[in-house]
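Residue numbers count from 1 along this sequence. Basis for what follows: all heavy atoms, side chains included, without hydrogens, waters or symmetry-related copies.
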Amino acid sequence: MKILNKSKQGLYTLSISFGALILALIVCGVLIALIGENPFRVYWLMADGAFGSLKNIANTLANSIPLIFAGLAVTVASRAGILNLGVEGQLHIGAMCANLVGLYLPVENRLVLITAIIVAGMIGGAIWGLIPAVLKIKFKTNEVIVALMLNYIATLFT
């Protein structure tokens, strides 16, 4: 019986998400029509720009994968009962550290280099995420405010 309830719950959640997507498309379509454009043409151009060619698909994936991982990081922290709003800064600093290791580490073996790049990105992001935690423990600061301010610093720094 519990399996059936979970199945119904999942179907309900999926229908709510799908309904929200349809409602958003309708509301945006009305707004697009109000400015004098054809909503169907605009949606077609958006889809073509994202998926119209292999290059467009590659660009869409290249831009969306970091956002997906950032969303997963927020989800994992949220499941642990932690509000992590510093993910953007951690992403930037981790990417910068990975980039620096990839550019300047003199390693011939590609497997070792890729592993070092991934580890450097993880360590860089983790250290950046550690700053609000240390400030909260040492000085009783609000970690949410500190993490949000550090996002701007990381963005400007990188």
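From Leu31, atom CG reaches atom CD of Glu37 across 13.0 Å, with rounding to the nearest 0.5 Å. Atom NE2 of His92 sits about 13.0 Å away from atom CD1 of Ile153, to the nearest 0.5 Å. Interatomic distance, OG1 of Thr60 versus CD1 of Ile65, reported as 10.5 Å (0.5 Å rounding). Considering CG of Leu21 and CD1 of Ile26, their distance stands at 10.0 Å, rounded to 0.5 Å. Note that CD1 of Ile117 and CG of Leu103 are 8.5 Å apart. Values are rounded to the nearest 0.5 Å.
Under the side chain to side chain donor-acceptor pair (under 3.5 Å) criterion, Glu143 pairs with Lys136, sequence neighbours left out. Every residue two or more places apart in sequence or in another chain was checked for a side chain to side chain donor-acceptor pair (under 3.5 Å) with Asn59, and none qualifies. Residues passing the side chain to side chain donor-acceptor pair (under 3.5 Å) test with Ser15, sequence neighbours excluded: none.
Phe18 and Tyr12 are assigned to two separate hydrophobic clusters, defined by single-linkage of ILVMFWY side chains at heavy-atom distances under 4.5 Å. No path of Ile, Leu, Val, Met, Phe, Trp and Tyr side chains, each step under 4.5 Å between heavy atoms, connects Ile82 with Val76, placing them in separate hydrophobic clusters. Hydrophobic clustering, with ILVMFWY side chains joined whenever heavy atoms are under 4.5 angstrom apart, groups Met96 together with Ile131. The hydrophobic clustering, which links ILVMFWY residues whose side-chain heavy atoms are closer than 4.5 Å, places Ile68 and Ile57 together. Residue Trp128 is grouped with residue Phe139 when hydrophobic side chains (ILVMFWY) are merged at heavy-atom distances under 4.5 angstrom, including chains of intermediate members.
Closest approach of Leu113 and Val101 over heavy atoms only: CD1-O, 4.1 Å. Shown here for Cys97 and Ala120, the closest heavy-atom pair between the two residues is CB-O, 3.5 Å. Closest approach of Ala147 and Leu85 over heavy atoms only: CB-C, 4.3 Å. Shortest non-hydrogen contact noted between Cys28 and Tyr43 is CB-OH, 3.3 Å. A pairwise comparison of heavy atoms in Ile32 and Ile35 identifies O-CG1, 3.0 Å as the closest pair. Across all their heavy atoms, Asn84 and Ala77 have their closest contact at CB-CB, 3.9 Å.
Counting only heavy atoms from C-beta outward, the side chains of Ile93 and Phe157 approach each other to under 4.5 Å.
Within 6.0 Å of OH on Tyr152 lie no more than 12 heavy atoms contributed by other residues, nucleotides or ligands. Residue Ile16 qualifies as enclosed at atom CD1: its count of foreign heavy atoms under 6.0 Å is above 12.
Remark: side-chain polar atoms of Thr158 are paired, donor with acceptor, to backbone N or O of Ala154 under 3.5 angstrom. Judged by distance alone, the side chain of Asn151 and the main-chain N or O of Gly89 form a donor-acceptor pair under 3.5 Å.
When each of Val74, Leu67, Thr155 is tested with Glu88 by the rule side chain to side chain contact (heavy atoms under 4.5 Å, CB included), just one qualifies, namely Thr155.
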